[in-house]
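For ligands, and for the atoms within them, numbers begin at 1 and follow the listed sequence.
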Amino acid sequence: MKKLSIKLGALFFLIIFGLETFMFSFLHSNIVESRIEEELLALQARGNSHRSILEKSLDSDTISHVTLMESEANTDVVVTDIKGQVLDSSVPIEYITQYIERSFSSIPRKGQVVEDNWKEESYISTVSLLEINGEPAGHVFMFQNTESIHSLIDRLNEHFLLAGLIAVFLTFIIIIFLSKALAKPLIKMKEATSKISKGDFSVSLPKIRKDELGDLAKSIQLLANDLSYLKQERNDFLASISHELRTPLTYIKGYTNIIHRRNLSIEEREKYVSIILEETNRLSDLVTDLFDLAKIDKNSFVIQKRLIDLSNFMLKIEQKFSPAYQEKNISLVVRCPDDLFIKADPLRLEQIIFNLLDNSIKYSSSGAKTILTVMRNSNQDVQITIKDNGKGIPKKDIPYIFNRFYRVEKSRTRTLGGSGMGLAIVKELVHAHGGTIKVKSEENKGTEFELTFKGEEKR
Ligand SMILES: Nc1ncnc2c1ncn2[C@@H]1O[C@H](COP(=O)(O)OP(=O)(O)OP(=O)(O)O)[C@@H](O)[C@H]1O
Ligand SMILES: [Mg+2]
């Protein structure tokens with residue numbers, strides 16, 4: 001589980017450790033170099049000042065005075081004549097012969113470095129040229145034992161080691177916190193997704209971050225909420241289906257039992273058989289509706305669009321529906337101009353209009369009026385409105401009437417008896433045609449459904 005933070009931490013550590021090592025060794029070698037350079041410059045300056053004294057009076061007194069002064073200091077001096085003969089020295093001569101025997105072509109006035117290899121040699125050394133009356137008269141060699149330099153560098157190394165250890169330790173601590181802080185939200189999200197995959201959608205991820213990790217957390221949260229909603233919806237849907245199937249089945253079973261057991265008159269038998277037939281039809285309609293909706297959900301629903309002449313189409317609808325309206329003493333008015341066309345599947349369009357007209361019959365009482373109007377609106381779209389002055393829909397129910405199995409009157413009376421699937425199918429079919437559907441309704445005043453489709457010109 002913590003693998004990610006370990007990997008991240010190790011990677012950070014390696015990178016920062018490498019950088020630190022590089023910077024420390026760069027700094028170290030720079031400090032050492034400039035320290036040695038300083039020592040050599042100081043040695044050279046000291047040699048030059050001895051030379052100045054000796055140039056004023058090059059006698060044995062002055063020479064021994066200079067070497068005496070140097071024997072008290074931690075540097076050493078050797079004075080030679082121009083042929084290389086040692087005139088005096090503050091250090092045993094055998095230690096330094098190898099340096100003064102080297103040949104020097106032209107020594108500049110400020111002096112010259114003889115030996116700067118402090119790592120391997122026992123001395124670092126410089127030389128200054130002695131001139132009397134403009135003529136070379138000898139050399140002043142200065143020496144410094146490299147032991148003191150070694151101990152200086154050792155001290156420097158100790159300081160570097162300590163600083164390095166502290167830096168590594170602090171890096172380590174910081175990286176532990178940093179990699180944990182980085183990996184923590186990822187681990188939380190991983191736990192959340194595995195919870196979701198096990199069907200538990202009650203995840204809650206912190207929403208404080210505003211970076212990509214925050215976006216990811218938001219998406220996972222959204223996914224969990226959507227899945228939870230879908231699961232709830234599926235459960236409700238299954239509950240409604242079983243309920244809707246059970247009611248007609250109970251009727252069928254009950255009346256079949258009655259017919260089976262009792263001696264009934266012909267009329268009674270006729271009556272019960274017709275109820276059974278009605279319920280069987282209802283069941284079969286319900287199954288067809290469910291099948292249609294399932295097909296729409298699966299996108300396996302084929303819509304075969306054709307150019308439809310709406311005035312013709314509506315005339316046929318009027319002829320088909322008039323008897324049903326007459327039977328309930330409701331008047332149906334259809335208004336459709338001649339030159340309106342849309343591209344739609346005629347069977348599906350008929351299903352849409354059928355469901356809406358069916359509702360206007362079911363939810364209006366005798367003497368009411370339904371008007372079906374087709375027209376072109378200001379956007380050149382075709383608008384179909386079906387307006388009735390029936391019982392209307394209560395305001396609180398309007399947002400739900402397109403839901404599957406939603407009915408305003410929850411108890412299913414045998415006279416009204418819908419299953420609440422009609423408008424759900426209408427909505428899906430209208431959307432499948434690229435159209436929109438709107439509803440306006442007022443209780444006890446009436447209802448108006450407004451469909452909008454893209455209009456077509458007749459070729
Ligand atoms: N024209 C209308 N007037 C009043 N109420 C309506 C009208 N159309 C729909 N409703 C209300 O909306 C609900 C949902 O309508 P829908 O057509 O989806 O179902 P249904 O008519 O009850 O059943 P089905 O259409 O499946 O036979 C109805 O139960 C009814 O209460
Ligand atoms: Mg209906």
Side-chain angles (χ1 to χ4, degrees), residues 233 236-237 239-249 251 277-297 317 320-321 324-325 327-334 348-373 384-432 436-451:
E233 204 186 35
D236 291 351
F237 186 60
S240 311
I241 289 183
S242 45
H243 175 78
E244 290 303 323
L245 292 176
R246 209 180 304 127
T247 322
L249 282 175
Y251 278 120
L277 191 66
E278 217 175 89
E279 292 300 321
T280 319
N281 282 339
R282 198 195 297 288
L283 261 183
S284 135
D285 285 351
L286 182 65
V287 172
T288 314
D289 284 352
L290 281 173
F291 197 58
D292 272 353
L293 276 175
K295 274 201 287 189
I296 296 175
D297 281 349
I317 294 265
K320 256 194 200 174
F321 267 86
Y325 276 89
E327 198 178 307
K328 259 195 97 177
N329 191 27
I330 302 172
S331 60
L332 171 67
V333 181
V334 177
R348 298 304 174 189
L349 186 63
E350 192 180 323
Q351 198 179 355
I352 292 170
I353 307 289
F354 173 90
N355 276 332
L356 294 174
L357 291 182
D358 177 56
N359 283 352
S360 84
I361 299 176
K362 262 200 290 192
Y363 306 113
S364 303
S365 33
S366 172
K369 185 178 184 182
T370 298
I371 309 169
L372 192 162
T373 318
I384 303 172
T385 46
I386 293 171
K387 188 177 160 116
D388 64 48
N389 54 358
K391 60 196 282 191
I393 306 167
K395 210 172 172 183
K396 65 171 176 41
D397 293 295
I398 293 179
Y400 308 107
I401 54 164
F402 293 104
N403 290 0
R404 294 167 192 196
F405 295 114
Y406 193 86
R407 289 188 308 256
V408 173
E409 274 167 47
K410 303 289 181 278
S411 65
R412 203 172 66 98
T413 58
R414 287 217 338 105
T415 41
L416 285 181
S419 59
M421 295 291 273
L423 288 180
I425 292 175
V426 166
K427 188 179 126 189
E428 298 290 348
L429 286 178
V430 170
H431 287 173
T436 57
I437 179 161
K438 279 190 229 157
V439 61
K440 274 185 256 170
S441 186
E442 215 173 310
E443 225 178 336
N444 299 323
K445 288 218 170 133
T447 307
E448 179 182 323
F449 284 96
E450 183 188 291
L451 312 174

Verify, without hydrogens or angle tests, whether Ser419 (side chain) and Leu286 (backbone) share a donor-acceptor contact under 3.5 angstrom. no
Pick one of side chain, backbone, both or neither for how Phe402 approaches ligand 1, counting any non-hydrogen atom pair under 4.0 Å. neither
One thing to verify: whether Glu428 and Lys295 come together as a salt bridge, which I'm taking to mean a side-chain N less than 4.0 angstrom from a carboxylate O. no
Nearest 0.5 Å, please: how far is CD1 in Ile401 from CG in Asp397? 8.5 Å
Sort out for me which residue in Thr447, Ile386, Asp388, Leu372 forms a side-chain contact (heavy atoms from CB on, under 4.5 Å) with Leu356. Ile386
Would you say Asn389's side chain and Ala368's backbone share a donor-acceptor pair under 3.5 angstrom? no
So the atoms of ligand 1 within less than 4.0 Å of a heavy atom of Tyr406 turn out to be 13 (C), 14 (C)
Please compare Ile386, Ile401, Leu423 and report which has the shortest non-hydrogen distance to atom 18 (O) of ligand 1. Leu423
Polar proximity ligand 1 side, Arg407 side, N/O cut 3.5 Å exclusive: no
Is there any N or O on Glu409 that sits under 3.5 Å from an N or O of ligand 1? no
As an exercise, identify every atom of ligand 1 less than 4.0 angstrom from a heavy atom of Ile393. 4 (C), 5 (N), 6 (C), 10 (N)
Between Phe449 and ligand 1, does any nitrogen or oxygen pair lie at a separation below 3.5 Å? no
Among Leu357, Asn355, Thr447, Asn389, whose heavy atom sits nearest atom 2 (C) of ligand 1? Thr447
Checking the side chain of Ser242 only, and the main-chain atoms of Ala239 only, is there a donor and an acceptor separated by less than 3.5 Å? yes
Counting from 1, what ligand 1 atoms have a heavy atom of Val408 closer than 4.0 Å? 11 (C), 29 (O), 31 (O)
Once you round to the nearest 0.5 Å, how far does NZ of Lys328 lie from NZ of Lys362? 10.0 Å
Does an N or O anywhere in Tyr363 fall below 3.5 Å from an N or O of ligand 1? yes
Any N/O/S atom, side chain or main chain, of Asn355 closer to the Mg ion (ligand 2) than 2.8 Å? no
Please confirm whether Ser419 approaches ligand 1 to less than 4.0 Å, judged on its heavy atoms. yes
Students often mix this up, so state it plainly: with edges at 30° and 60°, are the rings of Phe402 and Phe449 parallel, tilted or perpendicular? perpendicular
Do any nitrogen or oxygen atoms of Met421 come within less than 3.5 Å of a nitrogen or oxygen of ligand 1? yes
Is any N or O atom of Asp388, backbone or side chain, closer than 3.5 Å to an N or O atom of ligand 1? yes
Apply salt bridge (charged side-chain N to carboxylate O under 4.0 Å, His left out) to Lys438 and list each qualifying residue two or more places apart in sequence or on a separate chain. Glu450
